[in-house]
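Below is one structure, written out as structure tokens, with a few remarks after it.
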Amino acid sequence: MNTEKMSLSDKIQNTVGPFATKVNNNIYLTSVRDAMLAYMPFTFIASIFLIIAFFPITQVTDFITMVLGTENAFVWQSKLLYVNNATLAVGGLIVVISMAKSLADKLETNVLQCIITAVVSFLLLTPLDNIEGIDFLNITKISAQSMFLSILVGMFSTIIYKKIEEKGIKIKLPESVPPAVAGPFESVIPSFIVVTTFFIIRLIIELLLKSDALTLINGTLGKPLTYLGGSIGGLVVVKIFEQFLWFFGLHGGSIIQAVMDPIHQVLEDQNKVASLAGAIPPNIISMSFRSHFASIGVVGAVIAILIVAKSRQYKEVGKISSVPYMFNIGEPALFGIPLMLNFLYFIPFIFSNAISTVIAYVVFALGLVPLPTGLAQIPWTTPPIISGYFVTGSIRGSLLQIALIAITTIVWIPFVRMADKELYKEEKEMDSTGSDAAVQEAEGIR
């Protein structure tokens with residue numbers, strides 16, 4: 001039996017390995033990965049403050065308000081949001097910087113000028129809002145909603161800059177001029193061409209398409225999802241697509257939410273109206289269903305690591321990731337394992353949420369668990385089991401979540417065991433090499 005398992009593992013590795021190697025050697029995909037890794041610490045920092053600000057237990061919020069002596073919770077919650085406004089709320093801006101930097105390093109071009117040029121190009125494509133004749137930049141347009149646009153701008157602005165630079169189209173100063181002085185002058189023409197290119201793109205989008213770049217990009221990705229949001233088949237496709245975007249370093253949640261949230265909020269409100277009228281909620285799929293049942297998936301990876309991991313790396317990742325995941329914060333697991341662009345985990349990462357979605361839908365459809373009432377529209381940071389109880393008003397909601405977590409954990413275990421085995425082997429070899437080196441050094445001293 002062990003031989004068969006080994007042969008299956010070898011077969012998976014032999015199939016996935018060559019493709020993963022090609023992906024890892026692709027500078028554009030690795031630049032996206034590196035850009036998102038640079039962004040990750042700020043998502044974790046913001047998440048800590050958000051959990052404190054919107055703790056899912058009202059009594060905790062009331063206790064903090066009492067201790068601080070404020071008039072209401074909003075007073076101190078709004079202060080904690082300062083951190084969010086400087087991190088997640090400008091996520092697109094952060095990623096365009098990290099994307100340009102990462103790719104410029106790999107293309108061996110002027111990193112600083114590429115970053116500045118990318119930021120200017122990104123802001124150039126971002127339309128200003130106007131209220132009573134006053135123009136201003138709406139921070140939501142440079143948030144995580146603009147993640148896909150920021151990656152595209154950071155990538156293509158740097159590529160164009162590099163192409164112009166390679167053709168030698170630049171202001172050439174005498175060799176006697178110090179590089180610190182010559183550098184900015186040499187970047188004028190490449191940066192000018194890049195900025196002009198994006199200026200023309202904006203004019204085309206505005207004049208011909210009567211839109212803006214952010215709306216166009218998000219609409220192109222999101223519009224087809226509008227037709228899918230209210231059905232089980234559609235939601236399964238949405239969850240797979242969301243995980244697919246996450247796998248390749250794109251902020252799947254932000255891209256999906258702009259289209260799915262309005263649809264699912266309407267369904268949630270229909271459930272609320274029915275519940276208040278004493279009727280049975282009409283919709284299985286709603287905001288509560290998507291947030292608290294259909295999103296159970298990657299947590300299985302964390303639990304699987306806690307159960308089967310032998311390598312030091314995975315043991316530490318499991319410890320670090322487990323606490324945030326109690327509040328559905330997945331970034332430590334996403335970047336710590338890592339799951340992003342790790343093709344060994346492609347199957348469970350893409351499909352585990354879809355499995356939870358189908359199972360939960362069937363359970364609700366059979367009447368085994370009461371439908372989400374719409375009365376408790378609690379935040380996504382609410383821990384599983386607690387959220388299941390509140391959104392359904394029944395302990396059976398919690399039991400369903402426990403079952404979904406157990407099932408997804410079973411799905412993840414074979415893949416985690418395979419990856420952990422390789423890491424454990426590498427760590428043993430490193431320890432052995434280190435011990436041999438220490439012995440040789442000691443003998444040399446004697």
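Model, not experiment: these values are computed from the prediction.
For the salt bridge (charged side-chain N to carboxylate O under 4.0 Å, His left out) test, residues two or more places apart in sequence or in another chain that qualify with K106 are D34.
With values rounded to the nearest 0.5 angstrom, R290 atom CZ is found 10.0 Å from S286 atom OG. The structure places CD of E165 at 11.0 Å from OG1 of T158, a figure rounded to the nearest 0.5 Å. From F351, atom CZ reaches atom CZ of F244 across 10.0 Å, with rounding to the nearest 0.5 Å. Remark: S321 OG to I337 CD1 distance equals 6.0 Å, nearest 0.5 Å. From K315, atom NZ reaches atom CZ of R312 across 9.0 Å, with rounding to the nearest 0.5 Å. For the atom pair CD1 (I350) and CZ (F241), the distance works out to 10.5 Å, reported to the nearest 0.5 Å.
Between S288 and the options V391, L267, N283, N271, a side chain to side chain contact (heavy atoms under 4.5 Å, CB included) holds for only V391.
In this model, a donor atom of one side chain and an acceptor atom of the other lie less than 3.5 Å apart for D420 and S311. In summary, the side chains of E206 and S211 do not present any donor paired with an acceptor at a separation below 3.5 Å, with no hydrogens or angles considered.
Using the six-membered ring where Trp is involved, F349 and F247 have ring planes that are tilted, between 30° and 60° apart. Ring planes of Y345 and W412: tilted class, angle from 30 to 60°.
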Requested in this report: Run the numbers on V120 and F198 for side chain to side chain contact (heavy atoms under 4.5 Å, CB included), then give the verdict.
Outcome: CA-CA 9 Å; V120 171; F198 282 96; over 6 Å; no
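Sorted by first and then second residue, the salt bridge (Lys or Arg N to Asp or Glu O under 4.0 Å) pairs with a member in residues 132-148 read D129-K141; sequence neighbours excluded.
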